[in-house]
Colleague: 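Take a look at this one; I'll ask things after.
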Protein chains: 2
Amino acid sequence: MATLGDVAARAGVSISSVSRVLSNHPAARISEATRRRIVEAAEELRYRPNFAGRALKSARTQVIGLVLPDLTNALSTDLMHGAEDEAREHGYTMLLGRSDALSPVSEVIARLIGEGRVDGMVLQLADGVPAAGIGDLLDTAAPVVLLNETHPGHVGSVALDDVTGARIATQHLIELGHERIAMVNGLPSSFTAQRRRTGYRTAMKAAGLRVPRGYETRLGYFAPDGRAALRRLMTLSPAPTAVVVANVNAAVGLLAEARQARIAVPRRLSVICVHDSWTAENTWPPLTAVQMQFYAMGRAAVRNVLDRIENGVLRDDVILDPPPQLIVRNSTARPPRATR
Amino acid sequence: MATLGDVAARAGVSISSVSRVLSNHPAARISEATRRRIVEAAEELRYRPNFAGRALKSARTQVIGLVLPDLTNALSTDLMHGAEDEAREHGYTMLLGRSDALSPVSEVIARLIGEGRVDGMVLQLADGVPAAGIGDLLDTAAPVVLLNETHPGHVGSVALDDVTGARIATQHLIELGHERIAMVNGLPSSFTAQRRRTGYRTAMKAAGLRVPRGYETRLGYFAPDGRAALRRLMTLSPAPTAVVVANVNAAVGLLAEARQARIAVPRRLSVICVHDSWTAENTWPPLTAVQMQFYAMGRAAVRNVLDRIENGVLRDDVILDPPPQLIVRNSTARPPRATR
DNA sequence: GAGGTCAGATCTAACGTTTGCGCAAGCCGG
DNA sequence: CCGGCTTGCGCAAACGTTAGATCTGACCTC
């Protein structure tokens, strides 16, 4: 690969001049003629600035790390897409990382930030990872932005408007005439689950509806959790006529369980979930959902990191725009007559 | 961040000694006492080797690029997962890139390889991207491995065993007693579509079945393509009783179209697809599929790149182990009586 | 005791880039 | 015609790391 030196030799000038011209140094005083010769030589040699040399000198890599607990998640892909787009528009590249049992968060951070591989990173913690070792985040050399999580003493996070999302879902069921509405939520330790719970309770309270004992399960965000939750709910008396599921994956499991238990959806039980994804379109019946803006969150997360790096701005973001959006499909309907 | 110099000062030795100890230089002659002092000092200062310095000196980044046309694809996630695991096990990090209209392949390669950001890369071309500018791949400084694609004069690719995958799918239908079996395939220009076609034709021929005119559509791999294909097939007379769909996304679309057109699956039409993904589990009816090993492909692709970098081995891989695997769900059945 | 070997450690150059500083030449006003 | 300013460019140091070459004693051999 051609270096600055090669270009300089071919153009008959010094390395410094080449550097100044090619990196558009503002205070560079170079004659038009020389500038042209340099640009020409650079093109002929297909010069590309060497990443390592530049990073070493400037202590900047123009790389943002995105570290997720699970890459194989439909929700992660939108997020990645958004992050990638935003990064690229600002001339940054994305480094993808994963944190799990084999490489705990602290390890990944040490590697990416400690070794100076990234200028900043977006980090999503796995559900249930305690805020324990997270204090290390604070004194790193590069900014870390947390997804769907805040941490005392740490500024820099991006979250979706989960409260509104859950509220919209609940309101949809209320407007259809349901009164016995249950919630299938994530683990109590989950930040998002707490917020979705708030949205659900707020909507119920506003409509003057009560939440009977046992109507709120908090088993987790995965398909088996949704199945287990449905089994539990249907033992209650009176059983709910509708359920707000806090996560699309759990809803898919719940729907499968309903089919198996011969509970007709939506005739006997309406189901709505928070999070839309293309899987929701392809369940049977197609799942009514509240679309959360993961793509926007990805963009916002990278923007947050960049604002921190380039302007020193500290910020906790909540994605309010675009707002969560109700996508009505076929898993919700008016409650069965007997209960009206 | 602490540098070698800092560690050296604290341990009271020279920088070179620190470097040799911490990077486990084989020919290093350092006394046990000094070694201990250095290691201790390094730990106290939380020393981490600076990535840029190391990369500049050694012309190695320990980073592998993975460039895909579309990150938001269920199949990409398994692939990424596999690539990530393999890379990590070898001490490499993964850089994720996307190639599309905004940043064409040549641009991405120039950025990643030309600037020395990666030591090698795995590249999946978008369907329909011609082999045109791809010649540039050959003379890059770092190895490029193509996914599901070969290019004349370029060695270094990893592909799934599409022929066998399609053959297994077709055989499953044949064993159920079907005789009028259609294929819904990808674009003729697609490398994988060509290979899946071969598998389908081979199985049909082996069973002594013919492929009537119009029984083979080649519209593409997306859901709308699957819908269009079904509409076309059902105008034929006699209509097929079963269909092999070359891709799960198209199959999902086809299934939705069938539901809309009130074509009962599998009673009137059996549907099987190549590619399994969790979406296939959640269609209605759940989709019988041939599971292709994307995770394994991700691992193999990275291994291929690494073998090239570290051992200079050139290789075209086809993932034969584990083999494509038939996952029987509920979208296939014996043909309707009238046609037997 | 001179010459040689060897372990243990340091010196130094180099990777490619950026940037503060210096220097020469040209131009201006006084 | 001289001091001061501007323009155009080169010199050289620095970023953190690695590795070949070199230095310094101590020890051994004859």
Side-chain angles (χ1 to χ4, degrees), chain A residues 1-39 41-42 45-63 91 111 113-119 141-142, chain B residues 1-39 41-42 45-63 111 113-117 119 141-142:
Chain A
M1 285 287 116
T3 70
L4 279 184
D6 300 336
V7 178
R10 173 172 267 254
V13 295
S14 75
I15 292 184
S16 352
S17 299
V18 178
S19 171
R20 282 188 246 262
V21 166
L22 296 183
S23 54
N24 281 318
H25 196 90
R29 294 171 311 192
I30 308 280
S31 73
E32 219 17 77
T34 310
R35 185 179 296 271
R36 248 203 321 277
R37 276 218 317 288
I38 290 176
V39 170
L45 294 175
R46 297 176 179 283
Y47 170 78
R48 282 266 165 179
N50 178 272
F51 163 64
R54 191 170 258 188
L56 181 57
K57 179 64 191 167
S58 60
R60 283 289 189 81
T61 61
Q62 303 279 104
V63 174
R111 186 173 170 86
I113 296 187
E115 297 183 7
R117 287 173 177 269
V118 301
D119 292 343
Chain B
M1 285 287 117
T3 70
L4 279 183
D6 300 336
V7 177
R10 173 173 268 252
V13 296
S14 75
I15 291 184
S16 348
S17 298
V18 178
S19 171
R20 282 190 240 264
V21 167
L22 296 182
S23 54
N24 281 318
H25 195 91
R29 293 173 310 193
I30 307 279
S31 72
E32 218 17 77
T34 311
R35 184 181 297 271
R36 248 204 321 278
R37 276 218 317 289
I38 290 176
V39 170
L45 295 175
R46 297 175 180 283
Y47 170 77
R48 282 267 165 179
N50 179 273
F51 163 63
R54 191 171 260 188
L56 180 58
K57 178 64 189 166
S58 62
R60 282 291 188 79
T61 62
Q62 303 278 109
V63 174
R111 186 174 170 85
I113 296 187
E115 297 184 5
R117 287 172 177 269
D119 293 343

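Each chain gets a letter, A, B and so on, in the order its sequence line appears, and its residues count up from 1.
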Colleague: Got B/L22 and B/Y47 here, is their nearest side-chain heavy-atom distance under 4.5 Å?
Modeller: yes

Colleague: To the side chain of A/R20, which of C/dT10, D/dA14, C/dG20 is closest?
Modeller: C/dG20

Colleague: Do A/T34 and A/S31 get their side chains close enough for a donor-acceptor pair, meaning under 3.5 Å?
Modeller: yes

Colleague: Taking only side-chain nitrogens and oxygens of A/R54, does any of them come within less than 4.0 Å of OP1 or OP2 of C/dT18?
Modeller: yes

Colleague: Measure the distance from CE on B/M1 to P on D/dC15 and round it to the nearest whole Å.
Modeller: 17 Å

Colleague: Between the base of D/dT18 and the side chain of B/K57, is there a donor and acceptor pair under 3.5 angstrom?
Modeller: yes

Colleague: According to a strict under-4.0 Å criterion, is A/H25 in side-chain N/O contact with OP1 or OP2 of C/dT19?
Modeller: yes

Colleague: Mind calculating the distance between CD1 (B/I38) and C1' (D/dT17) to the nearest angstrom?
Modeller: 15 Å

Colleague: With a 4.0 Å limit, can you tell me whether A/T34 has a side-chain N or O closer than that to the phosphate oxygens OP1/OP2 of D/dC9?
Modeller: yes

Colleague: Heavy-atom nearest nucleotide on DNA chain C for A/I15 versus B/G12: which residue maps closer to 5'?
Modeller: B/G12

Colleague: Could you work out which one of C/dA9, C/dG16, D/dT17 sits closest to the side chain of B/I30?
Modeller: C/dA9

Colleague: More 5' along DNA chain C: B/S58 or A/S19, using each one's nearest nucleotide?
Modeller: B/S58

Colleague: Quick one: pull up CE in A/M1 and CZ in A/R46 and give me the separation to the nearest 0.5 Å.
Modeller: 9.0 Å

Colleague: Among C/dA9, D/dG10, D/dG16, which is the nearest nucleotide to the side chain of B/R29?
Modeller: C/dA9

Colleague: Please tell me whether B/S14 and B/S17 have a donor and an acceptor in their side chains that are separated by less than 3.5 angstrom.
Modeller: yes

Colleague: Roughly, in whole Å, what's the span from CG in A/D6 to P in C/dT17?
Modeller: 9 Å

Colleague: Would you mind reading off the distance between B/E32 atom CD and C/dA7 atom P, rounded to a whole angstrom?
Modeller: 15 Å

Colleague: Does D/dG16 have OP1 or OP2 sitting under 4.0 Å from an N or O in the side chain of B/T3?
Modeller: no

Colleague: So if I take every side-chain heavy atom of A/S23 and compare against D/dG10, C/dT10, C/dT18, which nucleotide ends up nearest?
Modeller: C/dT18

Colleague: Can you tell me if B/S16 touches the phosphate of C/dT10, counting only side-chain N or O atoms and a distance under 4.0 Å to OP1 or OP2?
Modeller: no

Colleague: Take the protein atom CG of B/L4 and the nucleotide atom C1' of D/dC15, then report the distance between them rounded to whole Å.
Modeller: 13 Å

Colleague: Round to the nearest Å and state the distance from B/N50 atom CG to D/dA14 atom P.
Modeller: 18 Å

Colleague: Just by modelled atom types, is the B/R60 backbone N or O under 3.5 Å from a matching donor or acceptor in the B/D119 side chain?
Modeller: no

